Every structure is written in structure tokens, then in C-alpha cells.
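Down below is the structure, laid out as C-alpha cells.
Per chain, numbering begins at 1; letters A, B, ... match sequence-line order. Not measured: the values here are computed from a predicted model.
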There are 2 protein chains.
Amino acid sequence: MDAYEFIKDAIIEGKFVPGMRLAEESLAKEMNLSRTPIREAIKQLEAEGLVIPLKRGVSVRHFTKEDIRQIYDLRTLLEGYAASQAAIHRTEDDLLKMEKANVLYEEAINRNVESDMDSLKDIVEVNQKFHEAIVAASNNEHIHFHISKVVVVPIVFRSFYWYNSFQLKQSLEVHKTILEAIKSRESERARIAMHEHIYQGRDHVLKHLEQIKNIHLLKEEGK
Amino acid sequence: MDAYEFIKDAIIEGKFVPGMRLAEESLAKEMNLSRTPIREAIKQLEAEGLVIPLKRGVSVRHFTKEDIRQIYDLRTLLEGYAASQAAIHRTEDDLLKMEKANVLYEEAINRNVESDMDSLKDIVEVNQKFHEAIVAASNNEHIHFHISKVVVVPIVFRSFYWYNSFQLKQSLEVHKTILEAIKSRESERARIAMHEHIYQGRDHVLKHLEQIKNIHLLKEEGK
DNA sequence: ATTTAAGCGTTTGTATACAATAAGTCAATT
DNA sequence: AATTGACTTATTGTATACAAACGCTTAAAT
């Protein structure tokens, strides 16, 4: 694995406390590299907004609840647009991929009756596949670039998500609605369903943020 | 000026032929630096999508007409949203900044009766200030990050733009409509006016792209 | 006791050297 | 004449060394 993936994953997994300086030498030692490739990885993360430049070096970025709110607004906008465009431009092949992802999604949910953490991870992953299939069908290659950067932030909190089986089934229903709309080329219905879907996710994340014990991941506003 | 700005400007100004490899050593020599800061600048440009990674090193990215079309779609979406949110959240201070930028815009346009290139540059710059004031008032700090990356690409072609005074006055009218809508908190009207405004810009760029002689800036689709 | 200044240590920013790989050239063989 | 293979050159990727800047600790003075 290269330095960029390593550091990014560590941030996403919450292994670095937000606000913490990233010391190049210790990172380099940890992954048996020199500082040069580390610095390049950090520059990349800086351009993506996951780390913040200081006078010297960088620190891991804080994300506040307000950030989450704003980022989800953007994600809703972008993915809603992607869904509406997918309804217009999707090919049969695009449709096949979405349907396949959604079948896997349904299976993963049904496997999840015990609600263990591993199967939850599967669900999140397959869900992502479905969303990617829609973006891929949207006929706008640039949108993927922006969505990927907007999607990263909530993932920071992924390990704290918790869904009950009712929520998961509800989410599956919305997936099906989106899929139907894209299939029958109802672009506005696809957009609205996607909006609903993502806002559900946002509300869920924000609600559960309150309950997070490992509060180190959050810098509250005004501190 | 640092290496990042230097290379980025050179790409935007069209000094590097798209597809061309960026040789680190020659860039380093040109700006009296070592390769280290050059590499970091390039990594940043890579993350922004202005250069494309090769097996080894990077090349300046091609932008096709289809890219322009897609990017303007995204810009319309994002700035339309920013305008609608600005109508909801703008403060008196935000409003003042927009009005000021727009006064400067009007003045710059009236100065442009001779349609020379320098004053055109002024107009483009003041126009940008107006757009930035709206984004700043949108109450979403993350949106600025994405818009700035989406706005860069058309700038690559800026030196080829040509506006006649009729188009400029029309554009001023739309600005005023947007401003009014934001002032009177009509969010949907602000969004629609912004859509119209940016799509006008897109049509204009696409139309004039046909006439560009220095075709080296364009890689046509399928070549 | 508190505040300020100085010095030391740590960490970054830049330069450079070296090794590895890709690309280009030239020659030889079919 | 064309294609393939080997060799040579150029350029990248990584490591390391050195200098400058920042921050922290300690001591001194008010």
C-alpha cells in the first residue's frame, strides 16, 4: 500500500486525533519509507481537504456537525443531479449494474438480522456500489470527482453508524424507487427519491453523532 | 511565487501544450528550485485534475468540448444552489459586497466600449468577485472548494473569449436579477436566474470554441 | 510569582545523490 | 524493408543531508 492510502485510511478510521500534527519522520518510520513520498501523500490530502496546512506542516482536520450538515447538502445536490441525469442517459448495461448492486444490497440486509458489525460493513460497501453505478450512468465524468471528495467525510464517522433492521429495509425501499425511476426514465422522480434517501442518511448520522462516546473525533463549534 | 502557482498559471495561460509531459528538472531550472518542491506542486495539480498521471510523471490534461459541457453543467448546479441558499441566508453585509461587486461590474462594462483585451480581463475579474460574494453568502463553506475546482477549467480558454457589448449588457441585467432575488429572499428565482446566467456563458464559450485557431488547446473527442 | 528573553532541540523545507525504470536509438536478422 | 532485440540515455522515484524556522524549556529580571 502506498503512503497516501495508508494515511488517508488512518484518518478515516479515526486513528489520528483531529487537530493532531502529522510528523513526517514518524510516519516515514512506521511504513519504512523516507520522508519524500510521505510529503507528497500529505500534499494530496491537503488538496482534498482532509488535512489543514499550518505555518509548518499539517494537522488532521476537524469536522464539526455543521460541516457534516453542509457536506450532506452538497452530496444531496450532486447525487440527486446524478440520479436525474442517469434517468435520461442510462444504457441497458448501466441498468444491469444498478440492479446487480441492489440485489447484493438486499441479500446483505437479509443476512444482517443479527446486526453484527461485519455485515454492517458489507452493507455500507454494497450501498456504495449502487450509488457509484448511478453516478457512472449520469453521463458526467466530472461529477464523480466531486462526489468522491464529498463522500469521504461522513465515512470518517462510519464506524459509529448504527442501523436497525427497520431503517435498513426502508433504505432498500428507497433504492428500489430510485431504480424504478431511472429504469422508466422519470428523471425528476429519480432526483427526489435520491434526495430523500441521502437526507435520511444525514439525519441518521447527525442523530447518532450525539451519542458518540469517542467525542475526540468532533470539535464542537466555537471551541 | 511558488511552484504550484507558476505551473498552474502556465497551464491556464496555455503555455503548456495539452498532452505534453512536464519534465521536473526543466521546470526546476526555469524557476531556480530543486525538483522537490516541483514534485509537490505537481501532486497537488494531479489531485485537482489539471494534470494526468502517466506510468511515470504526468502530462498536461486535455479538455474536450464534452468536458466543457459537463463542467458547466456542474457549475450551474453548484452556483445555482449557492444563489438559492444565499437568498435564504444572506446578511446585510453579504448584500453590500454583492452590490459593490456589481457596481464595479457595471463600470467595467461601460468602460469597455472599445472592447479591448485589457478591459475585458477586468470584466472577467469583477464578474468573478460577484460570483464569489454569492458563494460566500450561501452558508456552505464547502461549496466554495468545489466551485473553485469547477471554475478553473473554462478559464483555460479565457483568453479566447470574446464578448460584444450587447452580450455584456445582457449579462449585467441577469446579474441585477440575481441580486434582486437574493435581496428579496426569493430563493427559487435566484437559482433560476443564476442557471440562465451560467448557461449563457457556456453557450458563448462553446460557440466560440469553434472559431479558435490555436486548436492545440483542444483534443477533439475520439482522437 | 509572573513575564520575558535566550538557547536548545525538534521538525520542516529544500537540495542533491543514487538507483531503478522507461523510452529512444541503432544495429542485426529475417 | 520491416521488425525485433540490445544498449544507451534521460527521467523519475526514493533516500539522505543540511539549513532554517518554529516551539518549548529554562533562567533571569522586574
Review point. To the nearest angstrom, how far is B/Glu25 atom CD from D/dT11 atom P?
Key: 8 Å
Practice item. Measure from the side-chain heavy atoms of B/Arg56 and tell me the nearest of D/dT12, D/dA15, D/dA21. Key: D/dT12
Exercise for review: Nearest whole angstrom, please: distance from the P of D/dT12 to the CD of B/Glu46.
Suggested key: 13 Å
Point to revise | Interatomic distance where NZ belongs to B/Lys29 and C1' belongs to D/dA10 [whole Å] | key: 12 Å
**Study point:** Between D/dT11 (C1') and B/Met20 (CE): distance, integer Å
**Key:** 14 Å
**Study point:** Along DNA chain C (nearest heavy atom to each residue), the more 5'-positioned of B/Asn32 and B/Arg21
**Key:** B/Asn32
Exercise for review: Take the protein atom NZ of B/Lys43 and the nucleotide atom P of D/dT12, then report the distance between them rounded to whole Å.
Suggested key: 12 Å
Review point. Would A/Glu66 and A/Gln70 count as a side-chain hydrogen bond (donor to acceptor under 3.5 Å, both in side chains) if you check the C-alpha gap in whole Å, the side-chain angles of each, and the deciding distance to 0.1 Å?
Key: CA-CA 6 Å; A/Glu66 179 58 25; A/Gln70 294 181 8; 3.0 Å; yes
Exercise for review: Assess the side chains of B/Asp73 and B/Thr76: does a donor N or O sit below 3.5 Å from an acceptor N or O?
Suggested key: no
Exercise for review: Using a heavy-atom cut-off of under 4.0 Å over every strand shown, decide if B/Arg35 touches base, sugar-phosphate, or nothing.
Suggested key: base
Review point. Which of these nucleotides, C/dT16, D/dT16, C/dT12, is closest to any side-chain atom of A/Thr36?
Key: D/dT16
Check your understanding: For A/Leu27 and C/dT11, what is the distance between atoms CG and P respectively, to the nearest whole Å?
Key -> 12 Å
Point to revise | Which residue lies more 5' along DNA chain D, comparing B/Leu54 with A/Lys55 via nearest heavy atoms | key: B/Leu54
**Study point:** Spacing of A/Glu24 atom CD relative to C/dT14 atom C1', expressed in whole Å
**Key:** 12 Å
Check your understanding: Checking A/Lys149 against A/Phe145: charged group under 6.0 Å from the ring centre and within 45 degrees of the axis?
Key -> yes
Revision key, fill the gap. Checking D/dA15, D/dG13, C/dT12 against the side chain of B/Arg39 (C-beta onward), the nearest is D/dG13
Point to revise | N/O (side chain, A/Ser34) to phosphate O (OP1/OP2, D/dA15) under 4.0 Å | key: yes
Practice item. Taking only Lys NZ, Arg NE, NH1 and NH2, and the carboxylate oxygens of Asp or Glu, determine whether B/Glu40 and B/Lys43 approach each other closer than 4.0 Å. Key: no
Practice item. Tell me what B/Ile42 touches on the nucleic acid: a base, only sugar-phosphate, or nothing, going by heavy atoms under 4.0 Å. Key: nothing
Check your understanding: For A/His175 and A/Asn127, does a side-chain donor sit closer than 3.5 Å to a side-chain acceptor?
Key -> yes
